[in-house]
Structures are given as C-alpha cells and as structure tokens.
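To start, the structure under review is shown below, and the notes come after it.
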Amino acid sequence: MKKHNFNAGPSILPQEAIEETAKAVLNFNGSGLSLLEVSHRGKDFDAVMIEATSMMKELLEIPEGYSVVFLGGGASLQFCMVPFNLLHKKAAYLNTGTWAGKALKEARGFGEVVEVASSKEANFSFIPKNYDIPADADYFHITTNNTIFGTEIRTDLTSPVPLVADMSSDILSRPVDVSKYGLIYGGAQKNLSCAGVTFVIVKNSLLGKVDRHIPSMLDYRIHIDNGSMFNTPPVLPVFTALQTMKWIKAQGGTKAMEKRNLAKASLLYNEIDRNPLFKGTAAVEDRSVMNVCFVMNEGYEELEKSFMEFAQSKGMVGIKGHRSVGGFRASIYNAMPLESVQALVDTMKEFEKKQ
Ligand SMILES: *Cc1c(COP(=O)(O)O)cnc(C)c1O
C-alpha cells in the first residue's frame, strides 16, 4: 500500500533528492567511491558545498552583505550560538511555542532577555500581535513556524532591531524578504534534508560586536571565513539539501512552493472545518501552512483512537499529534504532494460516513 508520510521531522523529502543521495552513496560523481568515504576537501565535495551555498542564495534571493553557512548541532545549538554572537546586553523574544521557549531560555545565560509577548496561557494556539520591541535590544527573535502547535508567522515582520528567525520548519516554503532579517537559521530535517545539518543566513555587519570570547566552533565568522569547512561538515546532509534545493528550483522556486503549499493547506483545513467530526486547534488567521493540527470535535472525542487506526489502515503515517496538543498533526512540508493530502481528506470523509 502507498504510504503517505505526514511525519513532523525528520520528514518527507522529494523522491528525487532521496534517489540522488542513494546514487551518490553508492558511487559519487562516477568516482567509483561512495560519498561516505571521500574527503570533504576533495574537489567533488567542495563543489557540492559551493553549489549548496549559492543555491540557497539564489532561491531566497539573498542580498549582498549576507553569508550562508551549513553547520552541525541542529537548530538547538543555534539557540545558544545566536546569543553568543549577537547578545551584548539585551535581547527580545516572542514566545510562540516549545521551540521559541527553548531559544528564549538559552539566551538568558548571556544577558537580559525580554519576553515581548507569549501565547502560553492559550496553549500557544495563536501568534501574539500587539507588543513592543525594546528599541535598545540587540535583536528580536521569532520562530516563524511553530511545528508543534501549528501556527505560523507568514509575513516578514518589520522590527526596529535586527530580526532573528528560527525557520526550521518553513524554510523555502514561501518567498522571504531576507533584507528584513539579521539572521535566519534552522535544522534541515523538516523541509530541506535529512537530520544532521543546520543552515544559517546571517547579515555580516551584525557580527564581531560582542566583547565575550567566542569559542571557534561557535563563532559564525570562523565558519563564514572557512566556507563551512572549518571542521568536517555533515557531508551527506549537505548533499541531500542541495538535491532538495535543485528540486525546488525545478518546480519553479519559492513562489511555486508557496502556491503548492497554500493549495495543500487549504484543502486540508477546508475539510477540517467542514467535517463535523473534527476541529482545528490553531486560531484561523495564524494557521500554519506546514503543520496542520486538529482534534476530534466536541462529542466525538472517543473516536480518536478509532480514526487513528482507520487512517493508519489507509497508509497515513505520522499523523499522531504532539503530546502538548493531542489529537492529530499532519505535516505537509514542501515535498508533500497534493495527492497525499487528498488521500488524508478522503480518509476523513470516509470515516465520517462510517459513523
Ligand atoms: C525541530 C525544531 C527545532 C529543533 O531542531 P533540532 O535540529 O532538533 O535542534 C527547533 N525549532 C523548530 C521550529 C523546530 O521545528
């Protein structure tokens, strides 16, 4: 039976990216050697790193004055690397979920941290709108897509201080005006690659301003100066990221991704709103285009297990909601085809008829 992969992360990748990776693992560039057993400083891999960096710049139309690096450590390492490099005295954070909260907590070790707003009281079901960003903050940190709670900031905010964004789960899902950000980072395993690589896009002029000693491995400048090759980079995930970006380009780039993603999301949200058995958990205006969270509607709560089993029997994988929300979460990242979302919608309709 065909499997429909709604996993939250690591998650679905374009079939082309998986196949190209598999080929390179067996025979990289016709060298007769595996991608797994060649030097990261050899010309074949060097070309991959250079192309991955320039492809990210091309797809996001990154302006002059910004650098792109691929690092290890996951988005979680960025929670500390960002304040290490950028926080002199004070930073502002918008608390929109578990990941945003972890980023905020980590920054507390480096200076004063102001939580400008939080939707914690409402179990992070919406994005706070009216808040003040202190003008003397070194940066303002947001999480554009809240993977666990299914809310998303889908516009590029205007901030009086450098804007730092965790885009782990919505990178390349829409065009982004990079000039409005000081730094963008994310773990690749949601929307870009397999686990193991982290992307960072940073405005060069923000670096080199803090007084503290920054260990080499945590210093963005060291990684920029060494073209993401200060130490051995995660070669396989970088290779796969490049294949995903080539696929995105072939589909028509971030504009085409956005169109596709909006079509998938509205198909699924329309069914959630129409089907009396289900209801969405996120405020309608803040609904994520990437992670669709829903629960059984009032009066139908006891059907949760039975719908889960029914969906599994239809090939749906990974739709169990995160324990902090319960119910269901369908992650419909860039690589997810419309047909799989349609299959989930058909399953919901069929389940409704059975009741
Ligand atoms: C998954 C996720 C993280 C954590 O990423 P790691 O690479 O596991 O550290 C951080 N932020 C967001 C928004 C995520 O979805």
Side-chain angles (χ1 to χ4, degrees), residues 4-9 11-12 96-98 119-129 143-155 169-170 173-174 190-191 257-355:
H4 302 283
N5 182 0
F6 292 96
N7 279 325
S11 37
I12 188 165
T96 52
T98 309
S119 47
K120 188 162 194 252
E121 294 302 309
N123 201 30
F124 298 115
S125 58
F126 70 97
I127 306 278
K129 306 288 180 324
T143 309
T144 49
N145 184 62
N146 298 286
T147 322
I148 293 176
F149 298 94
T151 60
E152 189 175 11
I153 301 171
R154 299 200 54 261
T155 51
S169 49
D170 60 353
S173 68
R174 65 172 177 94
K190 311 272 165 52
N191 233 340
M257 279 298 116
E258 180 175 49
K259 195 162 164 239
R260 238 173 94 98
N261 290 331
L262 288 172
K264 288 182 290 179
S266 62
L267 178 62
L268 186 47
Y269 283 120
N270 284 344
E271 176 60 14
I272 291 168
D273 293 341
R274 183 210 62 81
N275 193 319
L277 264 50
F278 302 100
K279 67 168 184 186
T281 57
V284 173
E285 69 276 16
D286 297 326
R287 281 173 164 178
S288 168
V289 169
M290 299 278 98
N291 309 94
V292 178
C293 294
F294 57 103
V295 293
M296 301 310 303
N297 214 342
E298 278 105 41
Y300 297 103
E301 290 91 344
E302 79 288 354
L303 289 177
E304 181 169 318
K305 188 160 171 278
S306 137
F307 177 68
M308 183 63 85
E309 283 164 9
F310 184 66
Q312 278 165 351
S313 79
K314 297 281 178 184
M316 306 300 143
V317 175
I319 62 163
K320 190 171 168 43
H322 189 276
R323 62 186 181 282
S324 3
V325 183
F328 309 96
R329 169 176 53 173
S331 298
I332 54 174
Y333 298 121
N334 283 339
M336 168 70 61
L338 184 70
E339 298 75 63
S340 287
V341 180
Q342 186 64 57
L344 175 57
V345 166
D346 292 345
T347 301
M348 293 163 78
K349 286 190 203 290
E350 212 180 311
F351 187 72
E352 177 194 8
K353 288 216 186 78
K354 276 173 32 120
Q355 304 312 311

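Treat the numbers as computed from the prediction; the structure is a model and nothing was measured.
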If the test is side chain to side chain donor-acceptor pair (under 3.5 Å), which one of T147, T144, T143 qualifies with D170?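 Single pass found, and it is T144.
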
Hey, which of T151, N146, N145 is the one that makes side chain to side chain donor-acceptor pair (under 3.5 Å) with S288?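 Going through the options one by one, the only one that passes is N145.
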
Atom [atom1] in [X], atom [atom2] in [Y]: separation rounded to 0.5 Å?
X    : Y    : atom1 : atom2 : answer
R329 : C293 : CZ    : SG    : 6.0 Å
L344 : H4   : CG    : NE2   : 9.0 Å
L277 : M296 : CG    : CE    : 4.5 Å
N7   : Y333 : CG    : OH    : 9.0 Å
F351 : Y300 : CZ    : OH    : 11.0 Å
I153 : T96  : CD1   : OG1   : 5.5 Å

Tell me if a side-chain donor or acceptor on [X] pairs with a main-chain N or O of [Y] at a distance below 3.5 Å.
X    : Y    : answer
K264 : M336 : yes
S119 : F126 : yes
S125 : T281 : no
E271 : L267 : no
R260 : L338 : no

I want to check something: taking the side chain as every heavy atom from C-beta on, are [X] and [Y] in contact at a cut-off of under 4.5 Å?
X    : Y    : answer
I332 : N261 : no
V345 : N270 : no
N191 : M290 : yes
E301 : V295 : no
F124 : V325 : no
F310 : K354 : yes

State, to 0.1 Å, how close [X] and [Y] come at their nearest heavy-atom pair, and which atoms those are.
X    : Y    : value
V289 : E152 : N-OE1, 2.8 Å
A330 : L268 : CB-CD2, 3.8 Å
A282 : G150 : CB-O, 3.4 Å
P337 : I12  : CD-CD1, 4.1 Å
I319 : A311 : CD1-CB, 3.6 Å
E258 : R174 : OE2-CB, 3.6 Å

Does this structure show an ion pair linking K353 with E350, if we count only N-O contacts that are shorter than 4.0 Å?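 Not counted as a salt bridge, because no side-chain N and carboxylate O are separated by less than 4.0 Å.
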
Going by an N to O cut-off under 4.0 Å, is there a salt bridge joining E309 and K305?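 Yes, this pair counts.
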
Verdict with reasoning, K349 to E352, per salt bridge (Lys or Arg N to Asp or Glu O under 4.0 Å): CA-CA 5 Å; K349 286 190 203 290; E352 177 194 8; over 6 Å; no

Centroid-centroid under 6.0 Å between F307 and F328 rings: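 Judged by ring-centre distance (under 6.0 Å), F307 and F328 do meet the cut-off.
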
Between I272 and M348, does the side chain to side chain contact (heavy atoms under 4.5 Å, CB included) criterion hold? Intermediate values first, please. CA-CA 9 Å; I272 291 168; M348 293 163 78; 3.8 Å; yes

Ignoring hydrogens and angles, state whether a donor on the side chain of N291 or S331 is under 3.5 Å from an acceptor on the partner side chain.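 Distance-only check passes for N291 and S331.
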
If you count the non-hydrogen atoms of other residues, nucleotides and ligands that lie under 6.0 Å from CD in E121, is the total more than 12?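 Open.
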
I would like to know whether D286 and K129 meet side chain to side chain contact (heavy atoms under 4.5 Å, CB included); could you show each step before the answer? CA-CA 10 Å; D286 297 326; K129 306 288 180 324; 2.9 Å; yes

